[in-house]
Structures are given as C-alpha cells and as structure tokens.
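FYI, side chains are in, hydrogens and waters are out, and symmetry mates aren't considered; it's all heavy atoms of this structure.
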Amino acid sequence: MAEVLKVDPVALNNGSNDMLESVGEAALSFANHEDGLAEAAPGWVGSSQEALGQLAARWEARHGHHKLQVGNLGSHVA
C-alpha cells in the first residue's frame with residue numbers, strides 16, 4: 001500500500017526557484033570561464049590552441065546539458 005506524501009507547496013516552490021537561480025549563477029560563471037578561454041586562445045599555438053578549442057566546446061556542451069537538466073527539474077518541481 002502506498003504511503004501518503006505530505007508536501008509543503010511553499011517550500012517546494014521556493015526550492016524550485018532556488019534551483020533556477022542557481023542555474024543562472026552557473027551560467028554566469030560559465031560565461032566568465034568562456035571569456036577567459038577566449039582571451040587566452042590567441043596566446044596558444046598549434047595543437048595546444050586546438051586542444052583549448054576542443055576543451056571549450058566540451059565545456060559548452062556539458063554546461064548546456066546540465067542547464068537543461070536542472071531547468072527541467074526546477075520546472076517539474078514548480
């Protein structure tokens with residue numbers, strides 16, 4: 001037999017808002033890192049510059065994936 005789940009809707013809403021705010025903060029932090037990589041790129045040459053570009057692309061893809069996951073979770077909780 002299933003147990004009754006008691007939920008505080010205000011706390012749940014506040015928690016989902018906190019998650020969504022954290023996504024925004026993480027996005028800002030990522031943008032700062034991305035800017036730092038872009039500024040550093042001209043100082044790198046050859047395979048090192050290529051590796052830096054690949055790293056930036058992987059970070060961007062992972063960040064996008066994490067942002068989507070957390071955003072979906074926050075929306076579902078809300």
Original post:
Short question: side chain of S22, backbone of D18 - any donor-acceptor pair under 3.5 Å?
Top reply: yes
Subject >> Single-linkage hydrophobic cluster, 4.5 Å side-chain cutoff, L12 and L5 together >> reply: yes
Original post:
Do L55 and R58 pass the side chain to side chain contact (heavy atoms under 4.5 Å, CB included) test, and can you show the C-alpha distance, the side-chain angles, and the key distance before you say yes or no?
Top reply: CA-CA 5 Å; L55 175 65; R58 282 196 308 270; 3.9 Å; yes
